[in-house]
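This one's a predicted model, so the numbers in the text were calculated from it and none came from an experiment. The analysis underlying the following values was restricted to heavy atoms, covering all of them including side chains, and did not include hydrogens, waters or symmetry mates.
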Amino acid sequence: MSEENLYTFENEEYRRTYWHTCSHVLAQAMKRLHPQVKLAIGPSIDNGFYYDFDTPEPFTEGQLAELEAEMRKICKEKLKLERFELPRAEAVAFMEEKGEPFKVELINDLPEDAVISFYKQGEFTDLCAGPHLDSTGRIKGNAIKLTACNAAYWRGDSSRETLQRIYGVAFPKKDELDEYLAKIEEAKKRDHRRLGKELGLFMLRDEGPGFPFFLPKGMTLKNTLLDYWRKVHKKYGYVEISTPIMLNRQLWERSGHWDHYKNNMYTTVIDEVDFAVKPMNCPGGMLVYDSEPHSYRDLPLRVGEIGLVHRHELSGALHGLFRVRCFNQDDAHVFMTREQMQDVIQETVRLFDEVYSTFGLSYTIELSTMPEDHIGTVEEWERNQDILKAAITDMGKEFVVNEGDGAFYGPKLDFHLADSLGRTWQCGTIQLDSQLPERFELEYTGEDGQKHRPVMIHRVVLGSIERFIGVITEHFAGAFPAWLAPVQVKLLPVTDRAAEYAEKISAQLDGQGFRVEVDGRNEKIGKKIREATLEKIPFMLVVGDRDMENGTVSVRRRSGEDLGAMSLDQFAALLGDEVKEMTIK
RNA sequence: GCUGCUGUGGCUCAGUCGGUAGAGCAGCUGAUUCGUAAUCAGCAGGUCGCCGGUUCAAAUCCGGCCAGCAGCUCCA
């Protein structure tokens with residue numbers, strides 16, 4: 001590859017370097033306009049760059065324009081970026097001299113043998129490992145856009161200083177910037193909060209922040225999803241239970257939740273005894289397992305539960321259906337012997353693959369390891385982490401490690417799905433747990449006639465039904481495939497004369513198990529089509545005098561495709577085929 | 001929870017310098033019966049998120065609270 005080619009924007013390394021240099025230009029512009037501002041950090045990210053500043057006054061979006069203008073000027077100045085290194089003591093002195101306490105802290109925290117490098121452009125110098133472009137002139141000034149300014153904690157620690165983070169993107173050409181910004185606008189139209197309102201799926205009210213209401217159409221979607229879930233799980237050998245929503249304190253102390261999860265739990269007192277609304281289904285599941293003796297022949301025992309859990313999340317974390325305070329987990333606990341662990345994990349991943357592929361969703365996997373607040377020994381944790389790692393590595397799956405982010409009772413594999421703006425949300429998770437079986441003294445009788453302790457996994461595929469509905473709403477932009485669509489067919493009589501005929505057809509389709517509505521309003525056909533299209537109903541059946549005469553329906557897809565007139569049987573077969581696309585293989 | 005911003009009829013939004021609110025869609029009534037993305041007319045609907053303050057007068061200014069949005073933190 002020639003050097004010329006390397007300098008295209010499709011090259012990720014170059015892109016990151018470009019954005020990283022942009023962040024330095026941003027910092028330089030900030031320093032020029034507001035010399036009293038302190039510098040924190042300014043990296044490139046997946047879709048642009050940011051820089052964190054400690055400003056005496058909170059920064060507002062209105063101030064971004066003048067920063068952009070200054071950045072353009074810096075680009076025009078074509079300042080050379082020069083790298084130099086300093087020994088630790090001199091580096092600290094240099095940044096102290098400049099009055100940059102955050103940089104001093106960064107330098108002090110660098111490892112003993114670290115090379116401490118700086119990049120200088122004109123009057124501006126920043127602590128930085130690089131790499132960078134060789135000149136600010138390489139950046140196209142009028143294709144820089146500062147997109148947002150928000151708060152962020154210094155080093156991501158909520159007990160430290162609140163900084164002002166300014167986000168930006170930049171491209172080598174103005175057209176590319178415009179295209180990118182248009183794409184973002186387009187993506188916002190897919191926002192599930194907006195579509196949820198437009199399509200009548202769900203609502204949120206001040207009376208219950210974070211507690212979603214499901215409207216009739218959303219409920220149909222949810223139930224359809226659950227029907228599918230039950231079919232898949234039956235195929236994989238699961239049974240289903242339901243455990244109480246509230247259980248007493250003693251149980252939560254035994255499970256460890258009272259000590260490790262209480263901040264997030266809703267509690268109450270009943271007859272002078274503390275109770276907690278369940279934030280997780282596992283303790284109830286333990287009691288079910290423990291309710292009768294088990295043989296090794298029963299294992300692995302796969303016990304599913306669509307469990308309604310409540311968690312008191314921070315108000316600022318709430319986000320449509322993606323992050324709520326009460327949700328249905330499509331939970332399951334699988335009890336097994338140690339020898340069965342790898343097989344069970346792999347079987348579970350195969351189930352995940354089947355489910356996600358049904359929706360055309362792709363995912364990324366994270367392995368989350370032991371958090372500071374945990375139960376169980378380090379050896380146990382490491383052993384379990386290794387098992388998870390081995391299981392997916394063996395399947396040829398890639399994953400990234402999320403250090404210290406495991407549940408308090410065990411390490412986990414998290415499956416992340418992306419929303420319309422590319423933000424990822426954890427949906428599926430497989431959590432290995434050898435703590436709860438211990439705490440609840442679970443047993444099974446082995447081939448040797450002796451009692452043994454089973455191990456277990458907690459796992460959810462959809463994650464939360466609510467979040468998953470949010471994800472697929474954005475994924476399909478509200479145009480759900482026919483098998484999922486709350487309304488699959490809408491009958492549109494052309495005039496009153498066809499009203500009765502439409503009702504008859506509707507009743508027949510309904511009898512065949514399809515979800516049908518009739519638009520019997522006294523409106524023109526064009527308007528009915530427009531509205532059914534906006535409702536994203538997969539099929540519209542226009543029926544008028546002609547159809548009544550010929551015993552046909554005129555079929556139109558929401559895409560606008562006109563399939564012409566056909567008999568009801570023909571249409572039912574067509575619809576039946578489309579719905580079968582998700583049939584369990 | 002933290003920082004910033006926002007909050008007007010069911011929905012989307014307008015409301016100039018403080019002078020007690022307006023449109024379109026939806027709804028209702030009537031006319032129209034019209035074959036592939038909006039038929040016409042009329043009517044009705046709001047203590048301008050809540051509480052308090054300033055003022056002769058507050059949707060507009062100030063304070064507190066609530067909720068939402070963006071991000072951080074946290075997480076399914």
- Strictly by modelled atom types, are Thr369(A) and Asp405(A) linked by a side-chain donor-acceptor pair under 3.5 Å? no
- Item | Atom C1', compared across G46(B) and A26(B): separation rounded to whole Å | 16 Å
- Sticking with atom P, work out how far G9(B) lies from C48(B), rounded to a whole angstrom. 10 Å
- When all nucleic acid strands are considered with a 4.0 Å heavy-atom cut-off, which category describes Lys188(A): base, sugar-phosphate, or nothing? nothing
- Task: Could you check whether Gln164(A) gets within reach of a base, just the sugar-phosphate, or nothing at all, counting any heavy atom under 4.0 Å?
- Result: sugar-phosphate
- Query: Does Leu321(A) or Arg193(A) map to a spot on RNA chain B nearer the 5' end, using the closest nucleotide for each?
  - Reply: Arg193(A)
- On a whole-Å scale, what distance lies between the C1' atoms belonging to G1(B) and A23(B)? 40 Å
- Can you tell me the Watson-Crick or wobble partner of C40(B), both distances under 3.5 angstrom? G30(B)
- Item | side-chain N/O Thr429(A) vs A76(B) OP1/OP2, d < 4.0 Å | no
- Same-atom distance (C1') from U60(B) to C17(B), integer angstrom: 11 Å
- Do the rings of His312(A) and Tyr266(A) sit parallel, tilted or perpendicular, given the 30° and 60° boundaries? perpendicular
- Message: Once you apply a heavy-atom cut-off of 4.0 Å, does Ala148(A) come out as touching a base, just sugar-phosphate, or nothing?
- Response: nothing
- Hey, does Gly316(A) reach any base, or is it just sugar-phosphate, or nothing, if we go heavy atoms under 4.0 Å? base
- note: Glu313(A), atom CD; G68(B), atom C1'; distance rounded to Å ~ 17 Å
- Message: Which is more 5' along RNA chain B, the nucleotide nearest Arg323(A) or the one nearest Leu163(A)? Just name the residue.
- Response: Leu163(A)
- Using a cut-off of 4.0 Å on non-hydrogen atoms, how would the nucleic acid contact of Lys197(A) be classed: base, sugar-phosphate, or nothing? sugar-phosphate
- Message: Is there a side-chain contact between Gln426(A) and the phosphate of A76(B), meaning an N or O under 4.0 Å from OP1 or OP2?
- Response: yes
- Would the Tyr167(A) and Tyr51(A) ring centres measure less than 6.0 Å apart? no
- Task: Would you indicate what Asp405(A) reaches in the nucleic acid, counting non-hydrogen atoms under 4.0 angstrom: base, sugar-phosphate, or nothing?
- Result: sugar-phosphate
- Just wondering, do Phe59(A) and G4(B) stack (centres under 5.5 Å, planes under 30°)? no
- Message: On the nucleotide A70(B), are OP1 or OP2 found under 4.0 Å from the side-chain N or O atoms that His319(A) carries?
- Response: yes
- Message: Less than 4.0 angstrom between a side-chain N/O of Arg497(A) and OP1 or OP2 of C34(B), yes or no?
- Response: yes
- Please give, in whole Å, the distance from G1(B) C1' to Leu314(A) CG? 5 Å
- Message: So Tyr167(A), base contact, sugar-phosphate only, or nothing? Heavy-atom distance under 4.0 Å.
- Response: sugar-phosphate
- Message: Are the side chains of Pro493(A) and Val518(A) in contact, using a 4.5 Å heavy-atom criterion?
- Response: yes
- Just call it for Asp331(A): base, sugar-phosphate, or nothing, with non-hydrogen atoms closer than 4.0 Å on any strand. nothing
- Message: Under a 3.5 Å cut-off for both contacts, is A70(B) paired Watson-Crick or G-U wobble with anything, and if yes, with which nucleotide?
- Response: U3(B)
- Complementary nucleotide for A23(B) - Watson-Crick or wobble, under 3.5 Å: U12(B)
- Message: Need one value for Val460(A): base, sugar-phosphate or nothing, where a base atom within 4.0 Å counts as base even if backbone is also close, heavy atoms only.
- Response: nothing
- Quick one: is A26(B) close enough that its OP1 or OP2 comes under 4.0 Å of any side-chain N or O from Lys527(A)? yes
- Determine: side-chain N/O of Lys524(A) to OP1/OP2 of U36(B), distance under 4.0 Å, yes or no. no
- Would you indicate what Thr162(A) reaches in the nucleic acid, counting non-hydrogen atoms under 4.0 angstrom: base, sugar-phosphate, or nothing? sugar-phosphate
- What interatomic distance, in whole Å, is found between P of A14(B) and the corresponding atom of C61(B)? 15 Å
- Task: Tell me the partner of C61(B), counting only Watson-Crick (N1-N3 plus N6-O4 or O6-N4) or G-U wobble (N1-O2 and O6-N3) with both under 3.5 Å; none if nothing fits.
- Result: G53(B)
- Query: On a whole-Å scale, what distance lies between the P atoms belonging to U8(B) and C72(B)?
  - Reply: 27 Å
- Task: Indicate, with a heavy-atom threshold strictly under 4.0 Å, whether Asp206(A) touches base, sugar-phosphate, or nothing.
- Result: sugar-phosphate
- Item | Touch class at under 4.0 angstrom, heavy-atom based, for Gly156(A) against every strand present | sugar-phosphate
- Message: Measure CD/Glu366(A) against C1'/C74(B) and give the value in whole Å, please.
- Response: 14 Å
- Message: For the C1' atoms, the ones on A76(B) and on C50(B), what distance do you get once it is rounded to whole angstrom?
- Response: 33 Å
- Query: Can you check whether Tyr409(A) and Tyr261(A) have ring centres sitting under 6.0 Å from each other?
  - Reply: no
- Pairwise P distance, G49(B) and A58(B) [rounded to whole Å]: 15 Å
- Would you please say whether a donor-acceptor pair under 3.5 Å links the side chains of Lys278(A) and Thr243(A)? yes
- Query: Above 12 or not: heavy atoms from other molecules or residues under 6.0 Å from CD of Glu57(A)?
  - Reply: no
- Message: Students often mix this up, so state it plainly: with edges at 30° and 60°, are the rings of His333(A) and His458(A) parallel, tilted or perpendicular?
- Response: perpendicular
- Task: Scan Arg165(A) against the nucleic acid and name what it touches under 4.0 Å (heavy atoms): base, sugar-phosphate only, or nothing.
- Result: sugar-phosphate
- Task: Looking at every strand, decide which applies to Ala151(A) at a 4.0 Å heavy-atom threshold: base, sugar-phosphate, or nothing.
- Result: base
